[in-house]
Amino acid sequence: MINTLTKNIYLPISSPTKKIFKGKRINKDNPSFSGMISPAKIEKLYKSKSLHKILEFIADKQLIFDASFALLLTCAFRPISIILLPSKKNKDDQKYAAAHSIASGIIGFTISNIIFTPISNAIKKIQNNPEKFIKGSNIDHLIEMKDGTKTLKFIPNAYMDRLPDIAGSIPKGILTIALIPPILRYVFGMGNKKSSENKLQNQNPKHITKGGLK
Amino acid sequence: MRTSQITSNTYNLKNNNNLKPKSYTNNSTTFRAIPVETSLYRKFMDPIEEQIANGFGKLLKTRIARKIISKTEEYEAKQSNSAKLLGKEYQSNLYSHLIVLGSTFMSGFYVLKTLKNNRMEEKKRRTLAINQAIVFGVSTVMAYTFDGMVKSKVKNIRANFEKIVANEYPELDIKKIKNYSKGINIASKIMIFGMIYRFLAPVLVTPFANAIGNKLNEKKTLNNKTIAN
């Protein structure tokens with residue numbers, strides 16, 4: 001009897017590690033980025049057709065999505081950060097830098113849309129019907145799906161998606177550098193930085209000294 | 001109705017309160033007896049896009065393209081085997097590498113253009129070029145790091161998304177669902193790399209890069225002075 005009693009007695013043991021965090025247990029299989037968005041809202045978002053349309057646009061025209069996102073960054077985020085953040089530059093220089101950023105964003109977006117829209121549509125045609133455009137017994141780029149149709153493998157597909165951006169990066173840079181000065185001059189009414197420095201010199205002419213006009 | 005005639009297409013009133021099955025499109029059947037007229041823009045662009053697609057097809061069939069693709073496939077297979085031996089799941093970084101390659105060409109071009117710009121003083125040219133190079137280097141490291149941190153979460157989001165959409169719209173083609181899922185992956189990469197390359201790194205790194213460029217300029221002028229003396 002005494003042995004059974006001693007067997008069933010559990011002495012309190014102090015745990016060497018204390019539990020400091022008592023947060024929500026995150027399910028590793030279904031993580032949410034934060035506890036703010038409820039799973040029901042996420043499920044509703046996944047089922048929405050507008051999200052599907054956006055994702056289809058991103059997948060089929062990723063170069064144009066890239067240019068659109070770059071436009072948002074260069075025309076909104078960057079100029080606001082240039083003007084709001086403290087820097088050694090004066091206000092005129094800050095305005096010039098912000099206008100430069102907006103101009104480069106607009107030019108990049110316009111060029112990307114003009115050049116990459118037909119290219120994206122052409123890539124989509126190849127992805128929908130690869131056998132029509134990629135023929136040959138020695139060509140290993142196609143993979144057969146379960147329903148008997150053939151589709152492009154992941155690696156040639158990835159190269160084809162990004163090749164226009166890689167090949168067009170330098171020409172786009174050349175066009176951007178060439179077109180920024182006219183846009184700054186005629187759209188924003190800003191010349192070169194040198195002309196703005198000359199303006200400052202004209203406003204403070206040399207003949208006005210500390211003692212007053214000579 | 002005989003029980004043998006009951007197929008999976010019949011309505012299960014126990015589970016589904018709605019009598020009509022859910023359909024992805026509002027009209028489940030479309031009849032097109034009248035041919036759809038294509039717009040002028042489409043009539044003009046379709047042949048051009050066909051030519052571009054033919055060009056891409058020819059490019060993918062060239063020896064260089066096949067060599068690059070086969071080398072990449074060997075590399076990816078090696079990485080995947082090593083990951084399996086380590087007990088990890090391998091996710092390809094090819095899209096990230098290709099985005100970085102495009103940015104490398106662009107940044108390299110801007111650096112060379114700055115160094116050859118005769119309208120600027122030599123010191124300013126050098127400072128600006130060093131600034132651009134440092135910002136590009138730091139952007140690349142930051143972008144790869146953040147992309148690596150987010151990769152597994154994006155993979156889980158894609159898996160959940162495919163499951164939920166396939167359950168909700170069973171008549172939807174699996175290719176379309178995979179395409180939507182591809183959109184999630186591409187959006188995450190483009191937004192991460194774009195945000196870091198075009199906004200975060202220039203804002204955060206430019207002051208330090210300028211300071212480093214100025215210090216290097218001072219060193220060079222000191223060296224030139226000592227050589228002159």
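Chain identifiers are assigned alphabetically (A, B, ...) following the order of the sequence lines, protein sequences preceding nucleic acid strands; residue numbering begins at 1 within each chain.
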Applying a strict 4.5 Å limit to non-hydrogen atoms, the region of A:P164 in contact with chain B is side chain
query: Is there side-chain contact between A:D161 and B:Y95, with at least one heavy-atom pair below 4.5 Å?
result: yes
When the 4.5 angstrom heavy-atom criterion is applied to B:L59 and chain A, the contacting part is side chain
- Give me the ring orientation class for A:H100 and A:Y96: parallel if the planes are under 30° apart, tilted from 30 to 60°, perpendicular past 60°. tilted
To the nearest 0.5 Å, atom CD of A:E43 lies from atom CG of B:N160 at 10.0 Å
Applying a strict 4.5 Å limit to non-hydrogen atoms, the region of B:S103 in contact with chain A is neither
Under 6.0 Å between the ring centres of B:F161 and A:H52?
yes
*Run the numbers on B:R158 and B:K155 for side-chain contact (heavy atoms from CB on, under 4.5 Å), then give the verdict.*
CA-CA 5 Å; B:R158 287 177 72 183; B:K155 190 188 169 195; 5.7 Å; no
Contact list (residues 122-132 of chain A to chain B, heavy-atom gap under 4.5 Å, by number) returns A:A122, A:I123, A:K124, A:K125, A:I126, A:Q127, A:K132
(message) Surrounding CD of B:E89 (heavy atoms of other residues, nucleotides or ligands, distance under 6.0 Å), is the total greater than 12?
(response) no
* Is B:K176 paired with B:D173 through a side-chain N to carboxylate O contact shorter than 4.0 Å? -> no
So, the part of B:Q51 with a heavy atom under 4.5 Å from chain A: the answer is neither
Honestly, the part of A:Y159 sitting under 4.5 Å from a heavy atom of chain B is both
When the 4.5 angstrom heavy-atom criterion is applied to A:F57 and chain B, the contacting part is neither
Under 4.5 Å to a heavy atom of chain B? For A:L51 that would be side chain
If one checks every heavy atom of A:I177 against chain B at 4.5 Å, the contacting part turns out to be side chain
The interface call for A:T176 against chain B, heavy-atom contacts under 4.5 Å, is side chain
**OP:** May I ask you to test the A:K61-A:N121 pair for a side-chain heavy-atom distance under 4.5 Å?
**Re:** yes
From the list B:T145, B:V138, B:T140, side-chain contact (heavy atoms from CB on, under 4.5 Å) with B:M142 holds only for B:V138
Problem set entry | Verdict with reasoning, B:N93 to B:Y144, per side chain to side chain donor-acceptor pair (under 3.5 Å) | CA-CA 9 Å; B:N93 257 345; B:Y144 270 124; over 6 Å; no
Self-check item: Check against side-chain contact (heavy atoms from CB on, under 4.5 Å), B:V100 and B:Y197
Solution: CA-CA 10 Å; B:V100 167; B:Y197 271 108; 3.7 Å; yes
Applying a strict 4.5 Å limit to non-hydrogen atoms, the region of B:M106 in contact with chain A is both
When the 4.5 angstrom heavy-atom criterion is applied to A:L163 and chain B, the contacting part is side chain
Should the heavy atoms of other residues, nucleotides or ligands under 6.0 Å from CZ of A:F188 be counted, would the total exceed 12?
yes
Cut-off 4.5 Å, heavy atoms of chain A, and the answer for B:Y110 is side chain
When the 4.5 angstrom heavy-atom criterion is applied to A:R78 and chain B, the contacting part is both
The interface call for B:L94 against chain A, heavy-atom contacts under 4.5 Å, is side chain
- Item | Greater than 12 external heavy atoms within 6.0 Å of B:M45's CE | yes
